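Okay, so here's the structure we're looking at.
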4 protein chains.
Amino acid sequence: MRQGGRPRDTHIDEAVLDAVSAILEETGYRTLAVEQVAKRAEVSKAAVYRRWPNRQSLVLAELRRRLGRVVTPDTGCTLCDLTEALNLFARTFTCMGPEFFSPLLADCSADPDLRTTFMETLFDPPREAVRATLSLALERGDLREDTDLTLTVDTLASLVHYRLLFGHAPVTEDELERAVTSLLSGLARDFPALRAKAGVTHGMA
Amino acid sequence: MRQGGRPRDTHIDEAVLDAVSAILEETGYRTLAVEQVAKRAEVSKAAVYRRWPNRQSLVLAELRRRLGRVVTPDTGCTLCDLTEALNLFARTFTCMGPEFFSPLLADCSADPDLRTTFMETLFDPPREAVRATLSLALERGDLREDTDLTLTVDTLASLVHYRLLFGHAPVTEDELERAVTSLLSGLARDFPALRAKAGVTHGMA
Amino acid sequence: MRQGGRPRDTHIDEAVLDAVSAILEETGYRTLAVEQVAKRAEVSKAAVYRRWPNRQSLVLAELRRRLGRVVTPDTGCTLCDLTEALNLFARTFTCMGPEFFSPLLADCSADPDLRTTFMETLFDPPREAVRATLSLALERGDLREDTDLTLTVDTLASLVHYRLLFGHAPVTEDELERAVTSLLSGLARDFPALRAKAGVTHGMA
Amino acid sequence: MRQGGRPRDTHIDEAVLDAVSAILEETGYRTLAVEQVAKRAEVSKAAVYRRWPNRQSLVLAELRRRLGRVVTPDTGCTLCDLTEALNLFARTFTCMGPEFFSPLLADCSADPDLRTTFMETLFDPPREAVRATLSLALERGDLREDTDLTLTVDTLASLVHYRLLFGHAPVTEDELERAVTSLLSGLARDFPALRAKAGVTHGMA
DNA sequence: CGATAAGCGAGACGGTACGTCAAGTCTTATA
DNA sequence: TATAAGACTTGACGTACCGTCTCGCTTATCG
């Protein structure tokens, strides 16, 4: 009862995830079948199901493996750090395979446990790096004190996700730098004037 | 042989989409099976397949139905217009069911035609409204001339999609207003200083 | 709702039972797998399961097919009729495959419905022929009036089953004739004497 | 290396057969899985397989345990002895669980060794008792000299098996007595007449 | 007494079959 | 020709046993 029994063969874990990886690469998420994974890994179906309860968990595990360590850049230069953080963020999802991310989320949404796992292992970690970078900038006094951190993280992260997901525009370093720049500098030619006008029209403070 | 034979029963189109709608609402995208749709609509499977070639098109049709007319606000107040445009954008996807959007895209991605249809019918129209709002503001001279329209549309649109998709934070009117505000005003306490510093550190222009 | 829909392809019923038959012949009951049956019949597994809910029913159906019409001999000669009836009985099970009979019963025993079907389709019909033959003999006045019909049917039928089942002794025409003869004539050299003795010893009436 | 090592725990043998027994009783032969047996006996699967090589042997062992000593009645009264022998025979299989007997045979049939074991341990012993009883009667001069012993053993034994196996009629003491009686006395009202008639019709000797 | 050899519980392993379900196509009879 | 009904092929699903195989531990007997 302790923890007896034959220990699991760790080569199998690896072989299975390798197979998942290969199939994801070759034919994508939709066609990934547990049976094929097992066959490709030269492993029995039971051995797979003993480790992961369903396809979703399987892909989740593989993507988590790809995620690896997420680092927070800290050079003292806010503009550079943010751009770099965003680049890392983008690279994370590029190398993870953005096209697996969304169907996986969709599949996970039905089952709360799965969804939680998804959020905790794939969604949160890369966001944390961006948030940490912003925190550093805030401490350094480079950002306005009323900055809403969550909103800002979302604004930056969502842009990457959005473009990767829909693929309607590229996610280059240059583009990301422009996005950071424009977010920091603001779009308005004369923001106080805009606000005043809005105040007149709408009673905004 | 133009249109001989029995004409299609238009009640069926409606009934089917209603069934799709109900199932999407109740159990989500993943569990939506054509067989169930047909049964629920009290219609034969063949009648469904005669109208739409597969599940994806079926959901696509239902979401397009929900999309309706997209309007561009134009009050002369940039701050108000943008906030309103974003609210409309959010409402569009809220009522369309944000959780169906991304898995549908994922499913459509395999087939280029389907993907194109997806982009043209569901992705572009609501974006156009935001873009038009921004164009008006630009013409009005309220935005900096070097504003990258596509990047800005993406920044705003992505935020909405992102939050709806992952559900980690709310998409209220208030939140959107703050997002617009911060985008227009900029986050930097002293942007030129940041840029100078970056220039020294990294050789940025 | 009436009875519309595509009618079942009767070739499939045949092909499946043929496949069952072939497999039973070649490798026996235990190895008969629905999947193999389907493959051999060049038919989908679903088509099989649409017709029969499980392996047992499948074999049941095939054996019933083999059973065919059971006839009652009636020549006026009791000795001959009975021998012939028993030969028919034996041939029925020989050609049906006696080795499938008992494991099938075993498999059916768990499920009451299945068991009933088994009894009604495989067990009762051949017995009826023997019983009918005995009835004729009784009417003819060839048998003692106190003959227990059920007991006699069982005595004859069981012998056949027993030998076929355990295979420890042959079931030839000759053997059956001797069995019928000995049953009709009795084994005792002097039955009344035996009975008297038993009465003395044990108080039997 | 003769007999070094830890000796087998004899409680396990018992516990396993008890579990087999219980499962046979409760859900029958088909559902008897070694895994379940082990679990129920609170014993490891390996411990079971160390003792018996497969399910069949397992059940075989349990039934052999139930068989116990088979005795041959010898009171000098043929009618009584035979009835008693048959009662013993019936009781043997009743307490052994008749419904496990035939499917077990079926399962054993694939493997010749297993089949031999089956016949030698379960089939022959109770038959021997009946045969011995008949032999005594024959020596005593109570049976006709041309009595075919094997055929008679089969006739009696098969009746019991048949009824127990198919369960379509009871196997009471009373029924068995009537069977013995009718077998000894014969069914024919006038056997010579029947034979003569058959001789005329069929040329039977 | 310590080495050796086997027994033991736990459970992983490769297989094989199970019975279910959905996708998308096809076939009939009816309207 | 559209329709409802439902059969059809295909192929994945997740489950359950089979009989074998470690693993780390326990328990006898032998040298």
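The sequence lines fix the lettering, A, B, ..., with proteins before strands; numbering per chain opens at 1. Here the structure is a predicted model, which means the values were calculated and not measured.
- For C:R65, the salt bridge (charged side-chain N to carboxylate O under 4.0 Å, His left out) test picks out C:D18, C:E62, with sequence neighbours left out.
- Regarding B:K45, its NZ atom lies at a distance of 11 Å from the P atom of F:dA7, rounded to whole Å.
- With sequence neighbours left out, the salt bridge (charged side-chain N to carboxylate O under 4.0 Å, His left out) criterion links C:E26 to C:R40.
- Residues satisfying the side chain to side chain donor-acceptor pair (under 3.5 Å) criterion with C:E42, sequence neighbours excluded, are absent altogether.
- Taking a 4.0 Å limit (strictly below) on heavy-atom distances, residues 14-28 of chain B does not reach DNA chain F anywhere.
- Mapping C:E35 and C:T10 onto DNA chain F by nearest heavy atom places C:T10 closer to the 5' end of the strand.
- The CZ atom of C:R40 sits 21 Å away from the C1' atom of F:dT9 (whole-angstrom rounding).
- Across the interface with DNA chain E, nearest-nucleotide mapping of A:S44 and C:A33 shows A:S44 to be the residue nearer the 5′ end.
- D:R50 meets the salt bridge (charged side-chain N to carboxylate O under 4.0 Å, His left out) test with no other residue; sequence neighbours excluded.
- Side-chain N or O atoms of C:R30 include one that pairs as donor or acceptor with a backbone N or O of D:D107 at under 3.5 Å.
- With DNA chain E read from its 5' end, the first of the two nearest nucleotides for D:R6 and A:D13 is the one closest to D:R6.
- The CD-C1' distance, from A:Q36 to F:dC13, rounds to 13 Å in whole Å.
- For B:Y29, there are no ring pair (Phe, Tyr, Trp, His ring centres under 6.0 Å) partners at least two apart in sequence or on another chain.
- With rounding to whole Å, A:D107 atom CG is found 10 Å from F:dG14 atom P.
- Under the side-chain contact (heavy atoms from CB on, under 4.5 Å) test applied with D:L122, the options D:F101, D:F93, D:F100 reduce to a single match, D:F101.
- Residue A:R8 places at least one side-chain N or O closer than 4.0 Å to OP1 or OP2 of E:dA12.
- With sequence neighbours excluded, no residue forms a salt bridge (charged side-chain N to carboxylate O under 4.0 Å, His left out) with B:R64.
- Rounded to an integer number of Å, the gap from B:R30 CZ to F:dA12 C1' is 14 Å.
- Contacts between residues 47-58 of chain C and DNA chain F, defined by a heavy-atom separation below 4.0 Å, involve C:A47, C:R50, C:R51, listed by number.
- Within the structure, salt bridge (Lys or Arg N to Asp or Glu O under 4.0 Å) contacts touching residues 3-15 of chain A (residues at least two apart or in different chains) are A:D13-A:R51.
- When heavy atoms are screened at a 4.0 angstrom cut-off, C:A46 is found touching base atoms of the nucleic acid.
- Comparing A:L32 and A:P7, the nucleotide of DNA chain F nearest to each residue sits closer to the 5' end for A:L32.
- Summarising the geometry, the separation between CD1 on D:I12 and P on F:dT26 is reported as 16 Å, rounded to the nearest angstrom.
- For the pair A:E42 CD and E:dC13 C1', the computed distance is 15 Å after rounding to whole Å.
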